There are 2 protein chains.
Amino acid sequence: MRTATPLGRAAPENPDSLSRSARKDLTRANLLQAALNLMGGGRSFTSLGLREIAREAGVVPNAFYRHFRNTDELGLVLVEEAGITLRRLLREARKMDVAPRDMLRRSVGVYQEHVKRNRLQFVFISSERSGGSRILRMAIRNEVTHFTNEMAQDFRLRGLYTQLPTASLQMVCGMIVMTMLAAATDILDLPPEQPLLEGEMLENFVQQLKIILFGATRLNETFGVGTAPTARAFLPD
Amino acid sequence: MRTATPLGRAAPENPDSLSRSARKDLTRANLLQAALNLMGGGRSFTSLGLREIAREAGVVPNAFYRHFRNTDELGLVLVEEAGITLRRLLREARKMDVAPRDMLRRSVGVYQEHVKRNRLQFVFISSERSGGSRILRMAIRNEVTHFTNEMAQDFRLRGLYTQLPTASLQMVCGMIVMTMLAAATDILDLPPEQPLLEGEMLENFVQQLKIILFGATRLNETFGVGTAPTARAFLPD
DNA sequence: AGTTTCAGTGTACGATTGTACACAAAACGC
DNA sequence: GCGTTTTGTGTACAATCGTACACTGAAACT
């Protein structure tokens with residue numbers, strides 16, 4: 001027989017012998033993907049059960065234990081993978097040469113593409129970033145912080161905002177990341193194909209980034225000087 | 001409202017035993033509070049069970065059905081209550097007279113106080129805003145949008161950012177609200193008593209708001225003109 | 001007073017959960 | 001080739017879940 005699995009497996013796997021560790025990695029990947037798939041249907045990660053994930057992965061519940069001690073541990077691996085995805089995004093963005101016209105809009109486009117391509121991962125981190133178990137939340141926060149720091153470093157390397165102290169620069173990048181994640185949420189539960197809403201949303205996204213980038217240039221100035229009167233009332237000190 | 005009796009008779013006002021409808025409202029409130037309490041310990045709302053909530057409320061599971069059809073319905077009520085809390089915050093903020101010195105910092109202080117005072121509600125909305133069931137998420141998004149719109153209206157009434165078109169103003173307020181909610185998360189899982197970290201976080205919060213408010217003043221200008229060179233590369237077109 | 005209403009109780013049932021244990025068989029080291 | 005590892009299976013069990021039904025007792029109504 002092909003496999004020992006009694007229940008039908010639709011996976012187009014190689015019937016010939018995979019190495020044992022390769023097969024293990026495969027079902028492990030299946031379990032991870034199963035969890036993501038289940039969350040694709042509006043489910044929260046913390047509400048997922050071990051049996052449920054195993055069932056979705058086409059595996060008997062007990063097999064789960066061969067790979068993860070519990071669902072939380074699987075979640076941590078998902079966070080780690082999402083982190084890798086994020087860093088890949090940053091590497092892509094780094095490839096974009098300095099300051100072509102419409103760079104901001106292009107960056108937003110790249111990001112949108114990235115979110116769509118890795119939809120489930122972004123669903124996961126968006127959903128669990130402030131949501132589920134404390135351990136997971138902390139792990140995600142770590143990844144996001146890591147991402148933020150790398151972005152700040154990129155700014156430094158490009159000679160952007162050189163006048164800002166590192167702490168401020170990190171805060172600015174933190175805002176950018178926050179805005180990006182919020183935009184990811186918007187991208188994610190945007191209706192199927194709605195180019196009008198999508199364009200509107202992306203335009204909003206661009207404007208928000210502009211606000212941040214503009215505001216950041218004034219961060220170390222003395223507030224209240226040379227400022228439009230409308231902002232005056234808000235920016236004392 | 002005291003007596004929910006159809007004919008609206010005067011309440012007997014029995015000192016010892018409460019009126020029937022009052023007692024019902026009480027256990028209803030207990031159920032709502034029980035759900036919040038359970039989430040206080042890092043639990044996600046979607047992971048809460050009907051029985052669990054009833055148990056925490058000191059009530060037999062079936063009693064739950066006398067008040068809510070299912071847990072989702074209870075969640076919606078929680079969202080509604082959180083919305084009321086949010087609007088109360090806005091009403092407080094409105095009371096603050098125009099432009100005293102350090103107004104931004106004072107607003108942040110008021111907000112921090114509000115978050116701490118209504119801790120569990122903020123835990124709830126922060127946690128479920130991008131987390132749990134779709135219905136709940138939508139309901140929360142509605143409340144937040146409502147809040148944002150009211151804030152924009154306040155800006156208008158105070159004559160702030162009069163040069164901005166309404167759509168832009170709403171976007172700016174959206175950013176402010178986003179920042180507020182992110183700060184709420186920070187406030188919430190800040191370690192017990194850590195005045196140093198707390199001060200640092202609040203200062204960050206203030207700076208972020210400044211960035212937004214500053215950036216917003218430049219929103220309708222032609223970008224790339226009169227801008228610091230560092231920002232130039234980011235803000236073409 | 002007698003009657004009705006209804007928030008809350010008690011019991012019960014089927015489904016699902018996490019997990020323990022023994023076992024099968026394929027891949028591996030020798 | 002043979003014994004050992006290791007991945008996945010099958011069975012089992014206690015706990016918990018949501019929910020249905022009949023019931024109670026006190027408040028509310030007539």
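Note that this is a predicted model, so its numbers are computed, not measured.
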**Message:** Without decimals, in angstroms, what is the distance between B/Phe68 CZ and C/dA7 C1'?
**Reply:** 14 Å
**Asked** Between atom CD1 in A/Ile53 and atom C1' in C/dT16, what is the gap in whole Å?
**Response** 15 Å
**Prompt:** Taking atom C1' of C/dG8 as reference, at what distance in whole Å does atom CG of B/Leu26 sit?
**Reply:** 13 Å
For residues 136-143 of chain A, tabulate all N or O donor-acceptor pairs below 3.5 Å that involve a side-chain atom, not counting sequence neighbours.
{"unit_1": "A/Glu143", "atom_1": "OE1", "unit_2": "A/Arg87", "atom_2": "NH2", "d": "2.6"}

**A/Val144 vs A/Val177 side-chain heavy atoms within contact, under 4.5 Å** = yes
**Under 3.5 Å side-chain donor-acceptor pair for B/Gln208 and B/Thr179** = no
**Request:** For B/Asp25 and C/dC6, give me the distance from atom CG to atom P, rounded to whole Å.
**Result:** 15 Å
**Prompt:** Please give, in whole Å, the distance from C/dA26 P to A/Lys24 NZ?
**Reply:** 19 Å
**Prompt:** Rounded to the Å, how far apart are A/Arg23 CZ and C/dC28 P?
**Reply:** 11 Å
**Request:** List for me each residue that meets salt bridge (charged side-chain N to carboxylate O under 4.0 Å, His left out) alongside A/Glu92, sequence neighbours excluded, and say none if there are none.
**Result:** none
**Message:** Pairing donors with acceptors under 3.5 angstrom, does anything connect the side chains of A/Glu198 and A/Gln112?
**Reply:** yes
**Asked** Hey, does the side chain of A/Thr27 come within less than 4.0 Å of D/dG8's phosphate (OP1/OP2), counting only N and O?
**Response** yes
**Prompt:** Do the side-chain N and O atoms of A/Arg43 and A/Ser127 include a donor-acceptor pair separated by under 3.5 angstrom?
**Reply:** no
**Request:** In whole angstrom, give the distance that lies between atom CZ of B/Phe64 and atom C1' of C/dT9.
**Result:** 17 Å
**Asked** Once each nucleotide of nucleotides 14-25 of chain D is scored for protein heavy atoms under 4.0 Å, what B/S/- sequence comes out, 5' to 3'?
**Response** ---BBBBB----
